[in-house]
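Let me begin by presenting the structure, written as structure tokens, before commenting on it.
So that the names make sense, note that chain A is the first sequence line, chain B the second, and so on, each numbered from 1.
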Amino acid sequence: MDLLADLNPPQREAVTHGGGPLLVLAGAGSGKTRVLVHRIAYLIREHAIPPARIVAVTFTNKAAHEMRQRIDALLGGSVARPIWIGTFHAICSRILRIDGERIGVPTGFAIYDEEDQRRVIRDSLEALRMDERRFPPAVIHAMIGRAKDEALDAGRYAARAASFLEEAAARVWRVYQERMRAQGALDFDDLIGEVLRLFDDHPDVLSKYQDRFAQVLVDEYQDTNHAQYLLVRSLSGRHRNITVVGDDDQSIYKWRGANVRNILEFERDYPDATVVTLAQNYRSSKTILAAAHAVIQHNPHRHPKDLWTANDPGVPITIHEAGDGGEEARFVIDEVRAHLASGGRLRDGVILYRTNAQSRVLEEECLKAGVPYQVVGSVRFYERKEVKDILAYLRLVANPSDNLSLRRALATPRRGIGDVTLGRLAAYAAAAECTLLEAMRRPEALQDTPRATTGALHAFLKVIDDLRALSADRTASQVITQALTLTGYQQMLEAEATDDAASRLENLRELITVAQEVEESTGEVGLIAFLQHLALVADVDTYRDDLDRVTLMTLHSVKGLEFPVVFLTGLEEGLCPHARAFDEEGGLDEERRLCYVGFTRAKARLVLTHARSRAIFGSPSISVPSRFLDEIPDDLLTRAAPRPVESKALSVTAGGRSHRRGPLVHFDVGARVRHAKFGEGEVLEVEGEGEGTIVTVRFPSAVKRLALTYAPLERAE
DNA sequence: GTAATGTGTTTTTTT
DNA sequence: AACACATTAC
């Protein structure tokens, strides 16, 4: 197959680039995945690079999987198998599995998810006798996480701590890290950090990987953080064959430590870098691209680029204003059905939103309308209780020092072991400096413990030991199958005999299927590899493009995907852009990029919706259309005819878009007020107080209900 | 030791 | 509205 056919000149230049650093600035829809895939194939076939000497970093496992398949499709057979393709986390996890013991990371190390990490943070706070109210675990956790993104460790962080809270975080970090180490656990950030430490402390290990990787490629480079930057620099340090691909306009993970400077300053880091710009968009209609451009243009500090397309203008962009979230959802679903009626498919459509909480209404309306859908993210499969419960047993088998998993496994199914017994074990373990599991095996740890309890403990130990014996020579899926029965979990759910229990059992069966799929696609069949793989599954990895269903997901998850029809919902001030972004430096720019990412997913049709009122924490609140809507030129738009509104006496408007500055003014009934647009009027009614206040005012032209927070209203006279 | 009940918190975004 | 967590009742 001709690897260069159908590539435009810059794409071809990127694909055929020989050695040395290469930066590919790839605008949305410009065929960047194609370039990466063809480049890797080209390196293998034309430059005779052995596949095993290539490492390619992708943003999701799904992208990794796809890339592998596409390379195989180009070169035939399973040539791509030996290539290291995966996310930063998956690749680091693999390196640690191989060489982690050099720095005291056990082969079977556990990867703690958000919930697990939070628990360890709270335990650490408790151990330090620090009050959760004064030091919120979530805040401390985030501070530590951000410092790890910067490749700091507890010591260096403590040394530069500049505030009381930072000093507190530094103290918690030390205890947190000690506890994590004691139970052989790593958090997501540690995966990167520990590899950096491994490379620092053991030059021979670093050398091994540097020699091995003749070519290093990184996708979505604009979303790498400093630690990842250092890692890439290390890995490519020997051969200096590094290819990075990205688009600064699509950087949407600053909050996770992503540093756009990595891409903006690549040429400074590598003065001999070749820079290729991909400016032709093959995805979207002219109209969609123009709208996206109009919006993103409002951001300062961009790498200037002139994205263009030869595609047709296509249809105008639709903006629809709904009364509330439910109405918005019904509008979107009606549109989906109309698309269906005119010969389209469900899988053509994606419904996007800023926050996961917005998915519920959409989901409800899909159910009501009988429209098949899939939600990506929100309640994650691997974070479901039953899945985590079973995994706790397996994690304990893989890593006997994982006390957190032990506690979890011990609790379900109920076996009559509670806080008292656990307290005794913990006290013994602390004194004897052993793991909880080890303490269970020592009779002296359980003096004064009732017969029944020790019996239950021994039964539990036998389950763990049996599973461990199995895991030595069985595949992960086989071990899980056994675990369901040996632990009594299956029996417990069957005994419950409710729909809920049945669906949980179904989820556990699904887990076995997943294990089989992972075994097939990666060739790694062991329990440890499976558990570590599972911990690193991204939301979007669960997206199935083979099902004919409309897809619901967040703007973050949709990065890298494309759809013929895109619905972008909840375009309201405070939601998109999100209120939390307002007081952060550059926060608004990032929200705008997020919006840009949403727009540029659309091939043919883009539908933007907002609601006048939206439920926040269950109670309705007034919404103002997003400023991003104002940034789209009118000639690209059509406004969808408002649906017939059920007779709500008056709709609530802000009557203007300016945000009120300064303190809220209070008005009493009867007061004279002046509005920038409607003139002078009299207050007829005041509902609520503070931020949510709605006043009804009689103006010469009409009676209006106004949201006090937003309406440009002032006292007359 | 466990189930039932009450209460407070939550919503950014995710590997 | 939904969930985690704490308290209470058994």
Taking the inter-plane angle between the rings of A/Trp84 and A/Phe213 on a 0 to 90° scale, is it parallel (under 30°), tilted (30 to 60°) or perpendicular (over 60°)? perpendicular
Mind checking if A/Phe88 touches a base, just sugar-phosphate, or nothing, with heavy atoms under 4.0 Å? nothing
Using a 4.0 Å heavy-atom cut-off across all strands, classify A/Arg119 as base, sugar-phosphate, or nothing. sugar-phosphate
Just call it for A/Glu220: base, sugar-phosphate, or nothing, with non-hydrogen atoms closer than 4.0 Å on any strand. nothing
Show every side-chain hydrogen bond (donor to acceptor under 3.5 Å, both in side chains) that has at least one partner inside residues 118-129 of chain A, sequence neighbours left out. A/Arg122-A/Glu132
Under 4.0 Å, counting only non-hydrogen atoms across every strand here, what does A/Ser619 touch: a base, just sugar-phosphate, or nothing? nothing
Nearest-Å distance for atom pair NE2/P, residues A/His578 and B/dT14: 12 Å
Salt bridge present between A/Lys388 and A/Asp113 (N-O < 4.0 angstrom): yes
Does A/Ser557 put a side-chain nitrogen or oxygen below 4.0 Å from OP1 or OP2 of B/dT14? yes
For DNA chain C, the residues among residues 122-152 of chain A that have a non-hydrogen atom under 4.0 Å from it: A/Arg122
Expressed in angstrom and rounded to an integer, what is the separation of A/Tyr112 atom OH from B/dT15 atom C1'? 18 Å
May I have the distance from A/Asp116 (atom CG) to C/dA4 (atom P), rounded to whole angstrom? 13 Å
Is the closest side-chain donor-acceptor distance between A/Gln222 and A/Glu220 under 3.5 Å? yes
Whole-Å gap separating C1' (B/dT11) and CD (A/Gln358): 9 Å
Does the ring of A/Trp255 meet both stacking tests against the six-membered base ring of B/dT13: centre distance under 5.5 Å and plane angle under 30°? yes
Is there a side-chain polar atom (N or O) of A/Asn356 under 4.0 Å from OP1 or OP2 of B/dT14? yes
Report the distance from atom CG of A/Asn225 to atom P of B/dT14, rounded to the nearest whole Å. 17 Å
Short side-chain N/O contact from A/Thr554 to OP1 or OP2 of B/dT14, under 4.0 Å: yes
Hey, is the side chain of A/Arg415 poking within less than 4.0 Å of OP1 or OP2 on B/dG1, counting only N and O atoms? no
Under 4.0 angstrom, heavy atoms only, what part of the nucleic acid is A/Glu114 near: base, sugar-phosphate, or nothing? base
Looking for any heavy atom pair under 4.0 Å, which part of the strands does A/Thr421 touch: base, sugar-phosphate only, or nothing? sugar-phosphate
Is A/Arg580 salt-bridged to A/Glu591, going by a charged N under 4.0 Å from an acidic O? no
Would you call A/Asp149 and A/Arg256 a salt bridge, taking side-chain N to carboxylate O under 4.0 Å as the test? no
Note: A/Glu363-A/Arg360 ion pair, threshold 4.0 Å (strictly below): no
Quickly work out the A/Leu575 CG to B/dT13 P distance and round it to whole Å. 10 Å
